[in-house]
Structures are given as structure tokens and as C-alpha cells.
Amino acid sequence: MARISASVFTSHVPAIGAAIDLGKTHEPYWQPLFKGFEPSKQWMKDNRPDVIFLVYNDHATAFSLDLIPTFAIGTAAEFNPADEGWGPRPVPKVIGHPELASHIAQSVIQDDFDLTIVNRMDVDHGLTVPLSLMCGQPDAWPCPVIPFAVNVVQYPVPSGRRCFNLGRAIRKAVESFDQDLNVQIWGTGGMSHQLQGARAGLINREWDNAWLDKMINDPEAAAATPHIDYVREAGSEGIELVMWLIARGAMADVPAFGAPEGAPVGPKPRLAHRFYHVPASNTAVGHAILENQG
Amino acid sequence: MARISASVFTSHVPAIGAAIDLGKTHEPYWQPLFKGFEPSKQWMKDNRPDVIFLVYNDHATAFSLDLIPTFAIGTAAEFNPADEGWGPRPVPKVIGHPELASHIAQSVIQDDFDLTIVNRMDVDHGLTVPLSLMCGQPDAWPCPVIPFAVNVVQYPVPSGRRCFNLGRAIRKAVESFDQDLNVQIWGTGGMSHQLQGARAGLINREWDNAWLDKMINDPEAAAATPHIDYVREAGSEGIELVMWLIARGAMADVPAFGAPEGAPVGPKPRLAHRFYHVPASNTAVGHAILENQG
Amino acid sequence: MALDKPYQDIPGTIIFDAEQSRRGYWLNQFCMSLMKAENRERFKANERAYLDEWAMTEEQKQAVLARDLNWCMRTGGNIYFLAKIGATDGKSFQYMAATMTGMTQEEYMQMMLSGGRSAEGNRYIGEDGDAQAHRQPQGQSHQKKDA
Amino acid sequence: MALDKPYQDIPGTIIFDAEQSRRGYWLNQFCMSLMKAENRERFKANERAYLDEWAMTEEQKQAVLARDLNWCMRTGGNIYFLAKIGATDGKSFQYMAATMTGMTQEEYMQMMLSGGRSAEGNRYIGEDGDAQAHRQPQGQSHQKKDA
Ligand SMILES: [Fe+3]
Ligand SMILES: [Fe+3]
């Protein structure tokens, strides 16, 4: 049986990718940020998964306004890093896991999540920057990755509660896959940032950290955060945080999807690492690693 | 306030389109079928809606295996008839209703239906054949049409219950649109047919008519039909009937989405017309028109 | 995979699920390419050369060259995609359906005019309906070809 | 439309909803076309001619020619799409963000290094934070341009 061993949460700022690709990680501007991910890179080496289920959003790269899926799962054998206008990032191509991805798609569609199945898609910084932050600059990513894209660009985006419940359904799907796989689920994007208008550059350190506390310790409550709170408190692009709730909802301390009321849940996850830094370009960078226990 | 006045149900066999386009409707093979739609064409003239919300499926036309949305709503200003390999059908282009379509998308996504929003899409026989059957060969379709495509090609397809509940959410969305529009909702595809394998040509007249009875009189029960029953009893492509449940779920006698338990429902719809015919090429043709009362 | 596939006990029927879709990806994408007139011309000019441009298995290519739609489906083909091969050949859908049963198009059309294939004996593998494996091919098409 | 738009009371913020998306469709699709190098070259060679190939409103074209991103957004542009104009111009995202506030890139970068813009006074229209309409433009960029 496959199982989810841990969840990883991190912002996915494009400028971080550029800093890595251009060898600027030791510059004074970037050094504090990358220092915060040193323990994470070590953790990845010590806890190498068989598959990463990576929740992110596309930023007008693979999906234009021609077609906007609320939830899209990548079931292809591989995905190329996208050219976002400056040429593709010099990072390894992403190897998928078609069997597990299709299995998850099948399971969650039967649980009434109306996924779009994608077999051809380039992946942008939303997916590749978290991989770079956690894995550095290897010749190949350490394991297959299932891309899972969420619409957070055109409103209405899915609610925090919908995302949280989807995470629960994904866990159920993973646990019904009959190969013995160690799966990590990553939620990316956020934290506070606003990229537009006279309010561009908004950062709300207090709100971010309070939300992070809640996401870790009382995820049901974090899932109840209305959209308007993200926008008002954490900037228009802070809405990306709903994607973290997919990963959080898949952890063992949350009741499994479809489990009877009052069924026993697993223990609280262990917080292996937590980090927060301002700024990375226009954005506050939040990061946490949660390990399922026992 | 917009409101749903009626629902129309019909098969959407490509050969019917070809028969119309090639002027064969009076041939002995086709005459009984088109005779069955004479009352429907008159009914359309007498009950011209402002907008048709047309539920259908794409048949490897607009969507290849590159991308398969479970539910896709067309929000564009217009949609061209697709070239399915024999050139586009000589029918009018489809004028959309972007405002109502976007409104419905916004409402049902907030009700946890994970739609894909589509702004560029050609529409195939699944959408144009029902229009031809109901409207004949006009120079322009009588009103704007919102295309709503359901994946019934690659399993798992959405369950009958999911479709039925989506119909309920669509009704709620329509009724919260503040223009005064008369909206029809059409469910298309089916009835029994199998287009593949040694079992090709399967037709189950008894099952079809029993299901049609149920769909009309006890839609909750029809919505509970498991996928396997459609396939076993009505052929592999009989699964298209789940799309009829979206239209049926939007009618006034079904509790509105989110309505409190025991809230009053509207009266049973009036059956304005019902028709069944075998064969049209490989398929049993079923048809019904239901009018909301009062 | 531990997910149920309750649809595997139906005779003469292949459900196009995620596993079939994965298996048939390039076969179906090849079919999709036939939506474009210039690709149809190139395919007709040299079928084998055109097929070799696609990452299909040799078996899939053989199944296409043989126009054996049942074989195509066993290798992951989906009928809506495969129908584009028939369209390229100028064949009707009824012709294609007939070929999958072993009937001539005339035999198949007569079956449909008489109300279609009965579900009796064709609901479960192991019954004795005309779609069961032990009763294939059903019609005269095969004999004619050999004659 | 009778649906709630609770996000209209936030200063300096346009939420890209279905209505904005409809308004900005061709503007954003024009931006998307700049993902291809050959289109970037054609745009740079003759911006007006390239814009005239798209079904954009005259106002949208003027907003693009002026590189006024706030104006672009008012006409339906989305920042992720509009960013492709900046990429074509060889500008960083921080430069683009700065232009929307009236700050120079240096001023904007300093604001970010000091912890970013505060939410205080910027949560609701009618407060007195630096993102409120009556406090625009915020920086020296405008003066410089006029000098
Ligand atoms: Fe992002
Ligand atoms: Fe169909």
C-alpha cells in the first residue's frame, strides 16, 4: 500500500528560481533565504520519497484564458519546464508517475472531485521553484513528480474547504494504491504578496505567521478562512495559500475522506522545520515540513 | 430573475445530422424518426427560450487525450461547428451567452463543482444535432446557447448523482442571475447504444423506456443508477445518459441545491412530448420534453 | 491498482479507463491527427511511413494497417478516436461497427433495423448471447474475405 | 449579476473575476502571444501594427503602448498575462510592480527590504493607507519622468 509520509509547504517565487539559475544564492540579498532552506535540503536527502504529489498553480503559462481548469492532474510520463518568456529554466525535466496519477484521478473523480486530466503540459516556476528549493541543482530530480495544478488566477477559485477536502480524498486514493510507495505531498504558493495595483508589495508578517500556526495545528480552522481574508490581509496573490490546504488535508491527523463520523484519526504530524523570510522580490516566503508520525 | 422554463432530452446521433444536411429526412429509413420530432419543432416555435443551456459531450473533437475536463462550460461569445473529419456541418455558428455562462460558472464553482472554463472550443455533433432536431435548418439558431461538455469518454465519468446535483446547482445559479431570461436546459446523448466490439449494436428498448419513465417521474431514483447498469443494459455508450440527469436535476420539482431539508419543492413538470425510435444508425433515439408548471 | 473495475465481466466490451488511455495514448493521438486534411493525405500516401512518425507500438501499427478495430481497442484505442481512421478511408460508422462483429455492413444494418442486438445472453461473460467470445465472428464478412 | 463581490472594497486591488476576464480576453490573449520569440520580435518591430492584429479595444491598445499596467488592468488585463509585456521589454517583475505604484524601482525595492507595504490602512477603501486612491502616485517615478 502506498502512504503519505510527509507534507512540504513553500512559496514558489519566480525570482528565487532566477537567483538559483544565475548563481546568486550567496549574494547578501538572497543568502538569508537560502540559508533557511539548508535544513530542508538535508531533510530531503534523509527522507527521499518515491513520488512527490506537487500542488501548484500555473501562471498563464500552460493555461491561457482559452481553458481554465479548476483542478488539473498531470498523468503524463514527463513534463518539460516551460518557457515563461526568458527561455525554460535550466532544470531537469519532470518525470511523472502515470500509474499513481491515473489511480488518484480515478479515485477522487469517483469521490465527486471534477478533475481535468492532462497528458501534455509544460510546468512553470510554480512547480520547478519548490523542487529547486528542496533539492538544489541535481542532474535529475530525486523521484517522479505528479503535477497538480489549481486555478488561483481567475475567480472564483476553489474554496479553502474544497481544497482541504480534496486533500482528504487524495490521501484515501494514495492509500488504496497497491504498490508500496512513500509519497510526499507538497503545497506551494503564497505567502502574503500582491503583484498588482497601488497596493503592490503588501506583506503581512503577523497574519502569515498566525495562519501558518493555524495551518499546522488546527487545519480545519485554516480551511475555514474565507477568500476575502486572504486578499484583504495577505494581498491579492496571497490567495495561493488555499493550495497548502490540499497538502495539509492529506495528513494522517485529518479524518480520511468518507470515514464515518468519530472514526479514529492519526497523531498530529511532527513539525520538522519552519521558516519565514521577507522579502523575495515581491513576496513573503513561508515554509514548513510536516512528518506523519508512526 | 432568470428561470428555467423547460428541459429537453434527446439523443445526438451523428448520422441524424448527416441525414438532415444531405436532405434525406424523407427517406423511408429516416422518416419515422423525423416524424417523431415534428411536435418538438412546433413546441420550440411556441416556446422559444432566451438561452439554451446545452449539456452534451465532445467525441474526441475539441478535446483529445491531451486534456480531458470532467465538466467544461463554454463562456465564449461564439463557437464554431467542428470539422469532425468530413468538414464542418453546414449549420449556423453557435452564439454563446458569456454573461450568463460566467455567472453560472461562478455560482457552481462556489458550490464545489470544479468546472473547467472554456473560451475557445469548436462544438461537435453532440451539440449541433440536438439543435437541428429541435429547430430544423434555420439561418441562425433561435437564441444563444451555452455549451456544457461532460466527459463520458474516458472513465471514470462523473456519477449520475454528481450530474443530478450539478443540475440542482445550475438551477440555483440561473435563478440568481438578475436579468429576466427564459432558460431551457437540454440533456443530450444516449439512449442505448454500443459502438465497439463484438457487442456493437446492442439496443435495449425495455430498459431504455423503463429508465425514461424513472427519469421523468422519479428522477432521484434514476440518478441512483450505477454506471455499470448503463453499460451492461444499455451498451458502453449508453453511459451518455448521465448527462440527462444534469438537465433533470435543474427542474422545479427537485429540491434546489443548498435548500434546507424539507423545503417545499415545485410541482412535477408537465410531459409535453415523448418519443422513442430504433434505429438511427447504431443507436436508439429517446426524446422527452418537460415543462415547469406555474 | 486496488480500485474496482466492475466492467470487466461484460462480453465484447472494453471500457476506456485510465489504464487503457495510458496504453493507447499515442495510437489515439495518431488518430486525432487525422482530423487535419494534410495529415490524411500523408497517411494515405504512405501509411507505414506516417505511422512510424508516432511513438506507437509495432502491434498498434499492425492493428491500424489491418484496420482491425477490435485489435486496436485491445491495445488501448478508443472508438471515437479510431473512427477517424474510418473517416479517412471514407467509411461510414456503421461499416466500422460491422467490422468489429464480423458481419457485413448489410447484415449489421439488418440487425439494427430489426431492433438491434438483444441484451439477452450478452450481459455477463459466460452467458450464451451472440456477443460472447465463443460465438465470434458473427457474420459472413470473414467468409467472404477468404473466398 | 446577483452574486456577491465582497472584494470590491479593497483599495488598489482589482480581482480578476469572470467579468474582468471577459472584458480583457483579447488583451490577455495578446499578452499570451508574447510567449513566442517570433511574436515578441514582431511586436517590438511595430507595436501598433502588432496590436492591430488583435480584437482589442482602442483603449486597451493605448494602455499597452503607454505601458500603464494599472490602466491595462482596469480594461481587463491580468497581471500574470501583462507580465509578459514586461518580459518582452526586458524588465523585471519588481520594475513592473514599482510602475503600478508610482515608485521608482529603487524606492519599491527599499520598501520590500524594509518588510514590504503594511496592511494598516490598506484593508478597506476609505482608510488612509498608502495604497488608497487619494495617496497616488506614491513615489518619485512620476516626477522624474516629467523632469
Ligand atoms: Fe504563484
Ligand atoms: Fe454522444
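The local environment of NE2 in D/H134 is crowded, with over 12 non-hydrogen atoms from other residues, nucleotides or ligands closer than 6.0 Å.
Formation of a donor-acceptor pair under 3.5 Å by the A/S11 side chain with backbone atoms of A/V13 is not found in this model. Side-chain atoms of D/N39 come within 3.5 Å of backbone atoms of D/S33 as a donor-acceptor pair (strictly under, hydrogens ignored).
For the options A/Q194, A/E84, A/R205, A/H227, heavy-atom pairs under 4.5 Å to chain D are most numerous at A/Q194. Counting heavy-atom pairs closer than 4.5 Å to chain A, the top residue among D/K84, D/Q29, D/M35 is D/Q29. Looking only at heavy-atom pairs under 4.5 Å with chain D, the residue among A/V153, A/D83, A/I239, A/T283 that has the most is A/V153. Annotation: maximal heavy-atom pairing with chain A below 4.5 Å, among D/N70, D/T101, D/I14, occurs at D/I14.
Remark: D/E59 does not engage D/R74 in a salt bridge, criterion side-chain N to carboxylate O under 4.0 Å.
Aromatic rings of D/F30 and D/F81 (six-membered ring for Trp) have centroids beyond the 6.0 Å cut-off, not under it.
Heavy-atom distances place the backbone of D/S118, and not its side chain, under 4.5 Å from chain A. Contact of D/N78 with chain A is made through the side chain alone, with heavy-atom distances under 4.5 Å. When heavy atoms are compared at a cutoff of 4.5 Å, A/N204 approaches chain D solely by way of its side chain, counted from C-beta outward. For D/Q94, the parts sitting under 4.5 Å from any heavy atom of chain A are the backbone and the side chain alike. Using a 4.5 Å cut-off between heavy atoms, D/R135 makes no contact with chain A at all. Residue contact with chain A, scored on non-hydrogen atoms closer than 4.5 Å, involves the side chain of D/I79 exclusively. For D/M111, the part sitting under 4.5 Å from any heavy atom of chain A is the side chain, from C-beta outward, and nothing else.
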- Task: I would like to know whether A/K214 and A/E220 meet salt bridge (charged side-chain N to carboxylate O under 4.0 Å, His left out); could you show each step before the answer?
- Result: CA-CA 8 Å; A/K214 216 190 302 193; A/E220 279 275 356; over 6 Å; no
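Rounding to the nearest 0.5 Å gives a distance of 9.0 Å between CG of A/N57 and OG1 of A/T61.
Taking the ring axis of D/Y124 as reference, the NZ or CZ atom of A/R232 stays within 45° of it and closer than 6.0 Å to the ring centre.
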